[in-house]
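Below is one structure, written out as structure tokens; comments come after it.
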Amino acid sequence: MQSLYGKVVLITGGTTGIGLAAAKAFVANGAKVVVAARNREQGAAAEAALRAMGEAVFYGCDVSDPLSVEALLRFTVEHFGPLNAAVNSAACDFMPAATHEMSFAMANSTVSTDVLGVFHCMKYQIEAMLQSGGGTIVNVSSVNGLSGAPAAAVYSAAKHAVIGLTRSTAKEYIGRGIRINAVCPGATETPRRTRRTAHLTEDQLLEHQAQLAQAIPIGRLAQADEIANAILWLSSAAASYVVGHSLVVDGGLQA
Ligand SMILES: NC(=O)c1ccc[n+]([C@@H]2O[C@H](COP(=O)([O-])OP(=O)(O)OC[C@H]3O[C@@H](n4cnc5c(N)ncnc54)[C@H](O)[C@@H]3O)[C@@H](O)[C@H]2O)c1
């Protein structure tokens, strides 16, 4: 991972869960990291934790707002210099619901954050990388972006779209020095998952976790740093010939 030393990296959703684990992994390998998200309290906590390890800063940004993303890219380049790598991990809290019962508000917020948010980020990240001579982008999709997910149809559609954005832009920009890939995590222990099961009693939670683990060949959920390791590898020179790939990290679920 020596190729990441001194690189400028932007991570959306970088204040919690998979994004924060990726930020820690980049900083531990000597990169300078901007973590961007909406929640400023979580941002301050993430910045403090990352600064104890190396160079990092938080910037408040809503990826569903193109002007906010444009300002984020301006900040990143002014603060640390030309952008070398980006990880798009931000996604809204999707609450599972039968499709005929899903609210328009939930569907809209999923599409505007998880699909348009990734588009807004890539638009300005690519613009910055074209000016600085290239870079890498890793988008965080999901195993739900590769197959259907009952009670999560819009989330699944959004994560399929992230793979479409990844594959299309990978072909479009590899000739100009920008290498773009996606990672598709399976069930991963993050604050997002904790929030989703917050309504369960302790017994229900234990049963839910046991059922989930049983369905995964490796017999457990992923830890966020296991996804971060895949993101780090895709961003590094070790993956120099990997282009437009959707790397599944799911403990064997899709196998
Ligand atoms: N946890 C899982 O089981 C799992 C599985 C597959 C894929 N994923 C994907 O991994 C990514 C990270 O998820 P996580 O589990 O770490 O969740 P998380 O909730 O811990 O992190 C999501 C981050 O996105 C940020 N965010 C949300 N809306 C935003 C917006 N409009 N603008 C800017 N930032 C915003 C949040 O502040 C948070 O930092 C997501 O794309 C998610 O879909 C997660």
Side-chain angles (χ1 to χ4, degrees), residues 10-25 34-47 49-50 58-73 86-96 106 108-121 138-147 149 152 154-163 165-166 182-198 208-209 212-213 215-216 220-228 230-231 246-251 253-254:
L10 167 59
I11 305 180
T12 72
T15 57
T16 61
I18 291 169
L20 178 59
K24 286 181 176 167
V34 176
V35 287
R38 277 188 312 190
N39 187 310
R40 286 170 197 276
E41 254 175 58
Q42 285 174 352
E47 183 180 283
L50 292 166
F58 165 71
Y59 187 86
C61 170
D62 179 349
V63 297
S64 67
D65 173 2
L67 290 179
S68 180
V69 177
E70 189 181 17
L72 165 67
L73 265 294
V87 178
N88 295 315
S89 187
C92 80
D93 261 349
F94 181 83
M95 288 304 149
M106 185 76 257
N108 268 321
S109 120
T110 302
V111 171
S112 56
T113 304
D114 299 17
V115 182
L116 290 177
V118 173
F119 163 67
H120 299 150
C121 291
V138 177
N139 294 322
V140 182
S141 178
S142 166
V143 288
N144 295 153
L146 295 165
S147 53
V154 177
Y155 176 73
S156 175
K159 291 300 181 181
H160 275 79
V162 170
I163 291 177
L165 283 167
T166 302
V183 68
C184 295
T188 307
E189 282 182 21
T190 65
R192 173 192 198 80
R193 191 156 284 281
T194 313
R195 283 192 297 275
R196 224 182 256 181
T197 52
H208 170 76
Q209 284 170 336
L212 202 57
I216 305 169
R220 62 174 177 83
L221 274 67
Q223 295 299 312
D225 58 357
E226 293 178 295
I227 312 301
I231 293 172
S246 301
L247 181 58
V248 175
V249 188
D250 70 348
L253 192 69
Q254 294 271 319

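Ligands are counted one by one from 1 in listed order, and the atoms in each one are counted from 1 as well. As the structure is a computational prediction, the values presented were derived from the model and not from experiment.
Among I227, V162, D62, N144, the residue whose heavy atom lies nearest to atom 31 (N) of ligand 1 is D62. By heavy-atom distance, the residue among A37, A91, S64 lying nearest atom 27 (C) of ligand 1 is A91.
The parts of V63 lying near ligand 1 are both backbone and side chain, judged by heavy-atom distances below 4.0 Å. With a 4.0 Å heavy-atom cut-off, ligand 1 is reached by the backbone of C61 but not by any atom from C-beta on.
A distance of 8.5 Å separates CG of L20 from CD1 of I11, quoted to the nearest 0.5 Å.
Between the side chains of Q254 and S147, at least one donor-acceptor pair of N or O atoms lies under 3.5 Å.
At least one heavy atom of S141 sits closer than 4.0 Å to an atom of ligand 1. Within the 4.0 Å heavy-atom shell around ligand 1 one finds S89. Ligand 1 is approached by G186 to a heavy-atom distance shorter than 4.0 Å. Using a 4.0 Å cutoff on heavy atoms, N39 does not count as a contact of ligand 1. Under a 4.0 Å heavy-atom criterion, E189 is not in contact with ligand 1. Ligand 1 has no atom lying under 4.0 Å from any heavy atom of F94. In this structure, T113 counts as a contact residue of ligand 1, since one of its heavy atoms falls inside 4.0 Å of the ligand.
One N or O on the side chain of S112 and one on the backbone of N108 form a donor-acceptor pair closer than 3.5 Å. Between the side chain of R192 and the backbone N or O of C92 there is at least one donor-acceptor pair closer than 3.5 Å. No donor-acceptor pair under 3.5 Å is formed between the side chain of H120 and the backbone N or O of V69. Side-chain atoms of T188 never come within 3.5 Å of backbone atoms of A222 as a donor-acceptor pair (strictly under, hydrogens ignored).
Minimum heavy-atom separation, I163 to C184: CD1-SG, 3.9 Å. For the residue pair F58 and N39, the shortest heavy atom distance occurs at CZ-O, 3.8 Å. Closest heavy-atom contact between T16 and P191: CB-CG, 4.1 Å.
Sparse packing is recorded around CZ of R40, with 12 or fewer heavy atoms of other residues, nucleotides or ligands lying under 6.0 Å away.
Residue I18 has at least one heavy-atom neighbour below 4.0 Å for each of these atoms of ligand 1: 10 (O), 16 (O), 44 (C). Atom numbering of ligand 1 starts at 1 in the shown order; those under 4.0 Å from a heavy atom of A187 are 3 (O). Those atoms of ligand 1 with a heavy atom of P191 less than 4.0 angstrom away are 20 (O). Numbered from 1 in the order shown, with element, the atoms of ligand 1 that lie under 4.0 Å from a heavy atom of G17 read 16 (O), 20 (O). Remark: ligand 1 atoms within the under-4.0 Å shell around heavy atoms of G13 are 23 (C), 24 (O), 25 (C), 39 (O). Short contacts between ligand 1 and K159, defined as distances under 4.0 Å to a heavy atom of the residue, involve ligand atoms 40 (C), 41 (O), 42 (C), 43 (O). Ligand 1 places these atoms under 4.0 Å from at least one heavy atom of R193: 3 (O).
On a distance-only criterion, S142 and ligand 1 share no N/O pair closer than 3.5 Å.
Salt-bridge formation is detected for the pair E226/R220: a Lys NZ or Arg NE/NH1/NH2 atom is positioned less than 4.0 Å from an Asp or Glu carboxylate oxygen.
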### Message
Quick one, D62 with S68, criterion side-chain hydrogen bond (donor to acceptor under 3.5 Å, both in side chains). Give me CA distance, side-chain angles, the key distance, then yes/no.
### Response
CA-CA 6 Å; D62 179 349; S68 180; over 6 Å; no

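Shortest contact from atom 14 (P) of ligand 1 to any protein heavy atom: T190 OG1, 3.6 Å.
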